[in-house]
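Here is the structure we will look at, set down as structure tokens.
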Amino acid sequence: MSRFWTLINALHSMAGPGVMLLYPLYASVVAIESTSKIDDEQWLAYWILYSFITLMEMLLLPVLEWIPIWYDLKLAFVAWLVLPQFRGAAFIYEKIVREKLIKKYYGGAHFNKSADAKAKNKFVHFVTNKKGEQED
């Protein structure tokens, strides 16, 4: 019976890196090589959210150490972000992150498709604008 628990413990330890890093790295490479933009958005959103989770985890580590199931909760949440059946990363980006950006930078205006694309380009230009360059 102790070998069984050793096996379960080893699988549990490998699940995190497999779900949080190995599969997303593989899927990101596949997405880059594909012609579809949908999978690119999913994996870019995943890496943004994963970076945010990692930063928050580093900041809140003293508190999270007191939560015994933190690792399992994080693993379940990241699995939801990663699994193609759910597309959780793209969902969170579209429904939460993007909505907050639109509200902050565009006053909460709702756009049609062409205006939405123009607003997205304007935001990207704002973020990537180098010092000394003129804005439109």
Side-chain angles (χ1 to χ4, degrees):
M1 189 65 162
S2 67
R3 288 184 183 169
F4 175 73
W5 286 115
T6 304
L7 176 66
I8 294 296
N9 200 11
L11 290 174
H12 185 261
S13 297
M14 292 186 307
V19 170
M20 294 182 218
L21 294 172
L22 294 178
Y23 177 71
L25 285 169
Y26 168 75
S28 296
V29 171
V30 170
I32 288 171
E33 296 300 323
S34 75
T35 57
S36 173
K37 186 180 175 191
I38 294 171
D39 54 0
D40 295 348
E41 290 176 355
Q42 159 68 17
W43 293 111
L44 184 57
Y46 171 76
W47 290 112
I48 291 169
L49 292 170
Y50 181 75
S51 299
F52 179 74
I53 291 168
T54 303
L55 287 172
M56 289 298 109
E57 190 175 31
M58 288 183 342
L59 290 173
L60 300 173
L61 190 60
V63 175
L64 296 175
E65 287 176 345
W66 288 90
I67 303 172
I69 61 169
W70 167 246
Y71 182 77
D72 298 321
L73 292 173
K74 178 183 171 186
L75 185 60
F77 179 68
V78 171
W80 178 75
L81 291 176
V82 166
L83 290 173
Q85 297 88 339
F86 301 114
R87 293 182 33 85
F91 176 80
I92 287 180
Y93 182 79
E94 284 293 321
K95 299 296 182 190
I96 298 172
V97 177
R98 189 163 183 273
E99 293 296 321
K100 298 289 182 194
L101 290 175
I102 287 173
K103 193 177 285 184
K104 182 174 181 177
Y105 291 103
Y106 305 109
H110 295 283
F111 304 106
N112 60 29
K113 285 264 188 200
S114 63
D116 192 25
K118 184 177 178 183
K120 190 184 284 188
N121 288 339
K122 184 178 176 184
F123 175 73
V124 169
H125 179 70
F126 170 76
V127 171
T128 60
N129 193 14
K130 307 226 178 359
K131 288 186 178 181
E133 289 183 8
Q134 295 288 331
E135 285 215 23
D136 294 334

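It should be emphasised that the depicted structure is a prediction, and the values quoted were computed from it without experimental measurement.
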Return the CD1 to CG distance between Ile96 and Leu49, rounded to the nearest 0.5 Å. 8.5 Å

For Ile53 and Met20, run side-chain contact (heavy atoms from CB on, under 4.5 Å): C-alpha distance rounded to whole Å, both residues' side-chain angles, the deciding distance at 0.1 Å, then the answer. CA-CA 11 Å; Ile53 291 168; Met20 294 182 218; over 6 Å; no

Listed partners of Trp80 passing side-chain hydrogen bond (donor to acceptor under 3.5 Å, both in side chains), at least two apart: none

Side chain to side chain donor-acceptor pair (under 3.5 Å) contacts in which one or both residues fall within residues 52-61, not counting sequence neighbours: Glu57-Trp70, Glu57-Lys74

Residue pairs, two or more places apart or on separate chains, that pass side chain to side chain donor-acceptor pair (under 3.5 Å) and touch residues 13-32: Ser28-Trp47

How long is the span from the OH atom in Tyr71 to the CG atom in Leu64, to the nearest 0.5 Å? 14.0 Å

Are Leu21 and Trp43 grouped together when hydrophobic residues (ILVMFWY) are joined by side-chain heavy atoms under 4.5 angstrom apart? yes

Given side chains that start at C-beta, do those of Val82 and Tyr50 come closer than 4.5 Å, heavy atoms only? no

Is there a chain of hydrophobic side chains (I, L, V, M, F, W, Y, each step under 4.5 Å between heavy atoms) that links Phe77 to Leu73? no

Can you find a pair of side-chain heavy atoms, one from Phe86 and one from Leu81, that are under 4.5 Å apart? no

Euclidean distance, Glu41 CD relative to Ser36 OG, rounded to 0.5 Å: 8.5 Å

Hphob cluster co-occupancy, Trp66 + Leu61, side-chain heavy atoms under 4.5 angstrom: no

Say you draw a straight line from CD1 of Ile8 to CZ of Arg3; how long is it, rounded to the nearest 0.5 Å? 15.0 Å

Under a single-linkage definition using a 4.5 Å side-chain heavy-atom cutoff for Ile, Leu, Val, Met, Phe, Trp and Tyr, are Val78 and Ile67 assigned to the same hydrophobic cluster? no

Separation between CZ (Phe4) and OG1 (Thr6), nearest 0.5 Å, reads 10.5 Å

Taking every heavy atom of Pro24 against every heavy atom of Gly18, the minimum-distance pair comes out as CD-O, 4.1 Å

Mind checking who shares a hydrophobic cluster with Leu44, ILVMFWY linked at side-chain heavy-atom distances under 4.5 Å? Ile48

Rounded to the nearest 0.5 Å, the CG atom of Asp39 sits from the CD atom of Gln42 at a distance of 9.0 Å

Please go through Leu7's hydrophobic cluster and name the other residues, only I, L, V, M, F, W, Y counting, with side-chain heavy atoms under 4.5 Å joining them. Leu11, Met14

What verdict does the side-chain contact (heavy atoms from CB on, under 4.5 Å) test give for Arg87 and Tyr46, after you've listed the backbone C-alpha separation in whole Å, the side-chain angles of each residue and the deciding distance to 0.1 Å? CA-CA 9 Å; Arg87 293 182 33 85; Tyr46 171 76; over 6 Å; no

Using a side-chain heavy atom cutoff under 4.5 Å and only I, L, V, M, F, W and Y, what cluster partners does Leu55 have? Met58

